[in-house]
Amino acid sequence: QVQLVESGGGLVQAGGSLRLSCAASGRTFSSYAMGWFRQAPGKERDIVAAISRSGGITFYADAVKGRFTISRDNAKNTMYLQMNSLKPDDTAVYYCAAATGSLYTTRKYEYNYWGQGTQVTVSS
């Protein structure tokens, strides 16, 4: 079992920054892949970024490449998403997720534990 708790969401103006955190508990944090997903109203939940269990491999969706940075601190059992140059299109509920059967994956179906989500709203 893995428990995930996101924090750091909020309301920000376009061009601003936010840092999301995801605190994990349960299984050994360094043993599984992690990712960030987001879901806007009326849309599917899509991957934003992914990171391997060691942190050495990362993936970014084209829409956030160059603006967002995913990282993890295995000593603190925490994953982060630094979001810069935010746009109104980034408005969504952001979810962290764990893929306990993978060292690294971008496939949504491989993520088997999810946080409750944190709202990010970017005003124009």
Side-chain angles (χ1 to χ4, degrees):
Q1 288 282 351
V2 174
Q3 294 79 42
L4 302 171
V5 179
E6 302 99 335
S7 61
L11 173 64
V12 64
Q13 288 189 330
S17 299
L18 283 175
R19 188 195 196 200
L20 304 183
S21 298
C22 175
S25 60
R27 293 180 59 168
T28 303
F29 184 65
S30 60
S31 67
Y32 51 85
M34 294 287 294
W36 287 99
F37 293 75
R38 67 185 181 186
Q39 187 169 20
K43 295 188 177 181
E44 290 190 1
R45 188 176 301 186
D46 292 326
I47 191 167
V48 174
I51 190 166
S52 63
R53 66 176 186 174
S54 68
I57 303 172
T58 57
F59 164 84
Y60 297 95
D62 286 345
V64 306
K65 206 171 290 184
R67 300 187 297 122
F68 290 11
T69 302
I70 189 172
S71 62
R72 64 190 296 165
D73 186 336
N74 286 346
K76 295 183 178 179
N77 294 346
T78 303
M79 176 179 66
Y80 305 96
L81 186 67
Q82 178 66 44
M83 305 186 295
N84 299 329
S85 302
L86 283 161
K87 306 174 181 179
D89 283 350
D90 294 318
T91 295
V93 177
Y94 283 71
Y95 298 89
C96 71
T100 58
S102 300
L103 306 180
Y104 168 75
T105 183
T106 61
R107 300 182 180 92
K108 186 167 63 175
Y109 67 84
E110 293 189 7
Y111 285 84
N112 52 340
Y113 292 96
W114 296 81
Q116 81 288 352
T118 185
Q119 177 70 46
V120 171
T121 303
V122 184
S123 63
S124 57

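What's counted below: heavy atoms across the whole structure, side chains too, no hydrogens, waters or symmetry copies. When a residue number appears, it is its place in the shown sequence, counting from 1. Since this is a predicted model, take the numbers as computed values, not measurements.
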Quick check: closest heavy atoms across [X] and [Y], and the distance to 0.1 Å?
| X | Y | value |
| --- | --- | --- |
| Gly35 | Met79 | O-CE, 3.4 Å |
| Gln119 | Ala92 | NE2-O, 3.4 Å |
| Tyr95 | Gly115 | CD2-O, 3.6 Å |
| Ala24 | Tyr32 | CB-OH, 3.6 Å |
| Ala49 | Tyr60 | CB-CD2, 3.8 Å |
| Thr106 | Phe59 | CG2-CG, 3.6 Å |

Same cluster or not: are [X] and [Y] linked, directly or through other Ile, Leu, Val, Met, Phe, Trp or Tyr residues, by side-chain heavy atoms under 4.5 angstrom apart?
| X | Y | result |
| --- | --- | --- |
| Val120 | Phe37 | no |
| Tyr113 | Leu20 | yes |
| Ile70 | Leu86 | yes |
| Val122 | Val93 | no |

Measure the spacing between [atom1] of [X] and [atom2] of [Y] and express it to the nearest 0.5 Å.
| X | Y | atom1 | atom2 | result |
| --- | --- | --- | --- | --- |
| Phe29 | Met34 | CZ | CE | 4.5 Å |
| Tyr111 | Arg45 | OH | CZ | 13.0 Å |
| Arg72 | Asn74 | CZ | CG | 4.5 Å |
| Thr118 | Leu81 | OG1 | CG | 11.0 Å |
| Cys22 | Asn77 | SG | CG | 10.5 Å |
| Thr100 | Gln1 | OG1 | CD | 9.5 Å |

Going through the distances and angles, do Ser123 and Gln13 end up as a side chain to side chain contact (heavy atoms under 4.5 Å, CB included)? CA-CA 5 Å; Ser123 63; Gln13 288 189 330; 3.7 Å; yes
One thing to verify: whether Asp62 and Lys65 come together as a salt bridge, which I'm taking to mean a side-chain N less than 4.0 angstrom from a carboxylate O.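 A salt bridge links Lys65 with Asp62.
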Look only at the side chain of Trp36 and the backbone of Tyr80, and say whether a donor-acceptor pair between them is shorter than 3.5 Å.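 A pair under 3.5 Å: yes.
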Has Glu110 got a side-chain atom pairing as donor or acceptor with Ala99's backbone, closer than 3.5 angstrom?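 It does not hold such a pair.
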How about CD on Gln116, more than 12 heavy atoms from neighbouring residues, nucleotides or ligands closer than 6.0 Å, or not? yes
State, yes or no, whether a side-chain contact exists between Ile47 and Lys108 at a heavy-atom distance under 4.5 Å. no
For Leu103 and Ser52: C-alpha separation, side-chain torsions, deciding distance, then whether side chain to side chain contact (heavy atoms under 4.5 Å, CB included) applies. CA-CA 6 Å; Leu103 306 180; Ser52 63; 5.8 Å; no
Geometric class of the Tyr94/Phe68 ring pair [parallel <30°, tilted 30-60°, perpendicular >60°]: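 Plane angle between 30° and 60°, so tilted.
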Of Met83, Arg38, Lys87, the residue whose pairing with Val64 passes side-chain contact (heavy atoms from CB on, under 4.5 Å):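 Checked Met83, Arg38, Lys87 against Val64; only one passes side-chain contact (heavy atoms from CB on, under 4.5 Å): Arg38.
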